[in-house]
Amino acid sequence: DCNERIQPNGSGEELVSASTGKKRPLAQAPSSLPTDPTKRAARLGQYFASEDNAAAVVDVAIELARNAASKNEGSNGNKPTVVFIEPSCGDGRILECLMERLRSNPADMADVCCILGFDIDDRAVQACQSRIRPYCDTPGIPTVSIQQLN
């Protein structure tokens with residue numbers, strides 16, 4: 001749901017759908033993370049995609065989005081809305097590749113509702129936000145939300 005928001009509850013935070021009101025908990029980040037980048041990555045099980053791997057992921061995602069958007073879903077004749085989700089966005093290399101692709105090929109974003117990125121590492125979320133910020137003012141770029149899961 002592109003209209004989910006984070007709201008506090010008695011035991012932390014949860015996502016709430018603006019359209020249905022349905023609630024679900026956010027994942028919890030490990031406490032006491034190391035500050036050394038290599039140890040931190042090992043503790044969190046992080047893998048940072050190469051530029052080639054990021055491009056390959058985006059190529060597949062764009063192709064799947066095109067296929068989904070080209071199908072006539074349901075009796076109302078509406079095409080499906082495409083949502084890109086990066087559940088472990090890290091420093092944002094894949095999302096940056098996606099944003100660059102959408103900026104250089106506006107037709108690819110015609111049916112994209114939003115782009116969502118999540119990570120449990122606050123440093124990675126900040127790096128991702130910084131990496132994609134320059135793309136967010138591009139006309140036609142869909143809503144982008146990068147969130148820390150804590």
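Predicted, not measured: the structure shown is a model, and the values here were computed from it. All heavy atoms count here, side chains included; hydrogens, waters and symmetry mates do not. Residue numbers run from 1 in the order of the sequence given.
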- Message: As a test of understanding, state which of Leu102, Val82, Val83 forms a side-chain contact (heavy atoms from CB on, under 4.5 Å) with Ile115.
- Response: Leu102
- Please answer whether the main-chain N or O of Asp121 pairs with a side-chain N or O of Asp119 as donor and acceptor at a distance below 3.5 Å. yes
- Message: Quick check: closest heavy atoms across Ile146 and Val125, and the distance to 0.1 Å?
- Response: CG2-CG1, 4.0 Å
- Supply the atom-to-atom distance Ile132 CD1 to Leu95 CG, rounded to the nearest 0.5 angstrom. 6.0 Å
- Item | Side chain proximity check, Phe84 to Ile62, heavy atoms < 4.5 angstrom | yes
- Message: Distance check, rounded to the nearest 0.5 Å: Asp59 atom CG versus Leu64 atom CG?
- Response: 11.0 Å
- Query: So, for Ala49 and Ala54, which heavy atoms are closest and what is the spacing to 0.1 Å?
  - Reply: CB-N, 4.3 Å
- Partners of Arg103 by salt bridge (Lys or Arg N to Asp or Glu O under 4.0 Å), sequence neighbours excluded? Glu100
- Interatomic distance, Ile85 atom CD1 to Ser145 atom OG [nearest 0.5 angstrom]: 11.0 Å
- Message: Is it the case that atom CD in Glu51 sees more than 12 heavy atoms from other parts of the structure closer than 6.0 Å?
- Response: no
- Message: Return the SG to CD distance between Cys128 and Gln148, rounded to the nearest 0.5 Å.
- Response: 12.5 Å
- Please answer whether the main-chain N or O of Asn53 pairs with a side-chain N or O of Ser50 as donor and acceptor at a distance below 3.5 Å. yes
- Task: List the atom of Ala55, the atom of Cys97, and the distance in Å for their closest heavy-atom pair.
- Result: CA-SG, 3.5 Å
- Apply the side-chain contact (heavy atoms from CB on, under 4.5 Å) test between Met99 and each candidate in Thr138, Ile94, Val144; give the one that qualifies. Val144
- Item | Taking every non-hydrogen atom, the tightest pair across Cys89 and Gly117 | SG-C, 3.9 Å
- Query: Which pairs, with at least one residue in residues 82-91 and sequence neighbours excluded, count as a salt bridge (charged side-chain N to carboxylate O under 4.0 Å, His left out)?
  - Reply: Asp91-Arg93, Asp91-Arg131
